[in-house]
Amino acid sequence: MQGKENLRVNDQYYITDHGLRQTMLGNNQQNIDQILENIVFVELLRRGYKVSVGLNDKKEIDFVAQKGNEKRYYQVTYMLGSQATIEREFGAYDGIADNYPKYVLSMDKFNMSRNGIIHQNIIDFLLEH
């Protein structure tokens with residue numbers, strides 16, 4: 001339960017209709033991380049998870065997804081193109097000592113899993129169910 005003690009919920013807002021977002025904000029590819037995060041959020045809801053945003057110490061966990069006794073953690077980024085991005089995304093899980101699955105989702109096609117944290121391509125994640 002140590003992970004539960006370290007994790008707090010943080011409020012963020014996501015839109016369920018990506019087309020509406022595009023209409024309101026335009027086609028801004030500079031926000032690709034936010035767009036992908038929004039898509040993953042909606043997909044987790046579609047799969048029946050209760051989704052919240054968490055804080056692990058001062059590091060944000062993009063999504064904590066819960067369904068019954070099942071819990072999963074998700075970090076979402078466009079690409080793991082630099083060492084700083086890799087450290088930020090995988091490092092968000094530092095200090096969470098529970099055994100629930102921890103994922104880093106990105107558009108990268110090669111597997112960068114490490115330290116028990118699963119790296120998965122976002123398209124593969126979306127096609128799972």
Side-chain angles (χ1 to χ4, degrees):
M1 296 303 251
Q2 183 179 3
K4 186 175 181 179
E5 293 169 7
N6 288 340
L7 201 62
R8 296 184 314 274
V9 174
N10 186 20
D11 289 331
Q12 286 194 9
Y13 299 95
Y14 295 91
I15 190 164
T16 57
D17 185 335
H18 184 69
L20 181 60
R21 180 191 191 280
Q22 291 292 97
T23 300
M24 292 172 52
L25 301 176
N27 187 13
N28 188 348
Q29 292 300 312
Q30 292 177 341
N31 294 328
I32 191 71
D33 281 324
Q34 293 170 344
I35 292 167
L36 291 172
E37 218 175 276
N38 201 94
I39 291 168
V40 170
F41 174 79
V42 171
E43 178 62 18
L44 290 169
L45 290 178
R46 188 194 70 74
R47 293 181 186 183
Y49 288 96
K50 178 184 175 209
V51 183
S52 59
V53 177
L55 289 174
N56 173 22
D57 192 23
K58 294 181 181 177
K59 299 173 188 170
E60 180 180 281
I61 305 292
D62 290 335
F63 304 118
V64 180
Q66 292 185 274
K67 180 168 42 173
N69 292 330
E70 181 183 356
K71 182 192 289 188
R72 297 172 179 222
Y73 301 102
Y74 292 92
Q75 287 293 102
V76 181
T77 191
Y78 173 54
M79 299 289 281
L80 295 168
S82 70
Q83 191 61 36
T85 302
I86 292 167
E87 291 302 320
R88 181 186 70 237
E89 299 302 328
F90 284 90
Y93 296 123
D94 290 348
I96 300 177
D98 63 28
N99 291 317
Y100 293 111
K102 296 163 186 71
Y103 294 88
V104 172
L105 303 178
S106 75
M107 293 299 292
D108 297 288
K109 294 189 184 269
F110 48 91
N111 188 340
M112 296 181 64
S113 299
R114 65 182 199 179
N115 301 327
I117 301 167
I118 302 160
H119 172 249
Q120 187 175 17
N121 177 272
I122 290 174
I123 294 169
D124 293 339
F125 165 78
L126 293 170
L127 293 173
E128 279 180 341
H129 293 253

Asker: Tell me whether Asn111 at atom CG has more than 12 heavy atoms from other residues, nucleotides or ligands lying less than 6.0 Å away.
Answerer: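 Above 12, so yes.
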Asker: Measure from the side-chain N and O atoms of Asn31 to the backbone N and O of Gln34, and report whether any donor-acceptor pair falls under 3.5 Å.
Answerer: no
Asker: Could I get the full list of side chain to side chain donor-acceptor pair (under 3.5 Å) partners for Asn69, not counting sequence neighbours?
Answerer: none
Asker: What pairs with Tyr103 under side chain to side chain donor-acceptor pair (under 3.5 Å), at least two apart in sequence or on another chain?
Answerer: Arg72
Asker: Any side-chain heavy-atom pair from Phe90 and Asn115 closer than 4.5 angstrom?
Answerer: no
Asker: Is the distance from the ring center of Tyr74 to that of Phe125 below 6.0 Å?
Answerer: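 When the ring centroids of Tyr74 and Phe125 are compared, they turn out to be within the sub-6.0 Å range.
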Asker: Once you round to the nearest 0.5 Å, how far does CG of Asp108 lie from CG of Asn121?
Answerer: 8.0 Å
Asker: Is the count of non-hydrogen atoms from other residues, nucleotides or ligands lying under 6.0 Å from Lys50 atom NZ greater than 12?
Answerer: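 Open: at most 12 neighbouring heavy atoms sit under 6.0 Å from NZ of Lys50.
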Asker: With rounding to the nearest 0.5 angstrom, report the OH to CD distance, Tyr73 to Gln66.
Answerer: 8.0 Å
Asker: List for me each residue that meets side chain to side chain donor-acceptor pair (under 3.5 Å) alongside Glu43, sequence neighbours excluded, and say none if there are none.
Answerer: Arg46, Arg47
Asker: Minimum heavy-atom separation for Ser106 and His119, please, with both atom names.
Answerer: OG-NE2, 2.7 Å
Asker: Per the side chain to side chain contact (heavy atoms under 4.5 Å, CB included) rule, which among Val40, Asn38, Ile39 passes with Val42?
Answerer: Asn38
Asker: What's the separation between atom CE in Met112 and atom CD1 in Ile86, rounded to the nearest 0.5 Å?
Answerer: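 Interatomic distance, Met112 CE to Ile86 CD1, rounded to 0.5 Å: 3.0 Å.
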Asker: Name all residues meeting the salt bridge (Lys or Arg N to Asp or Glu O under 4.0 Å) criterion together with Glu89; count only those two or more places apart in sequence or in a different chain, and write none if there are none.
Answerer: none
Asker: Mind listing the closest non-hydrogen atom pair of Ile61 and Ala92 along with its distance?
Answerer: CD1-O, 3.2 Å
Asker: Apply side chain to side chain donor-acceptor pair (under 3.5 Å) to Gln83 and list each qualifying residue two or more places apart in sequence or on a separate chain.
Answerer: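 Expected list: Glu87.
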Asker: When rounded to the nearest 0.5 angstrom, what distance separates CD in Glu37 from CG in Leu105?
Answerer: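 So the CD of Glu37 and the CG of Leu105 are separated by 10.5 Å.
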Asker: Output the distance between atom CD (Glu60) and atom CG (Asp62), rounded to the nearest 0.5 Å.
Answerer: 5.5 Å
Asker: Which heavy atom of Gln75 sits nearest a heavy atom of Tyr93, and at what distance?
Answerer: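 That would be N-OH, 3.1 Å.
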Asker: Return the OG1 to CG distance between Thr85 and Leu80, rounded to the nearest 0.5 Å.
Answerer: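 The distance works out to 7.0 Å.
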Asker: By side-chain contact (heavy atoms from CB on, under 4.5 Å), which residues pair with Met107, not counting sequence neighbours?
Answerer: Leu36, Tyr78, Met79, Ile122, Ile123
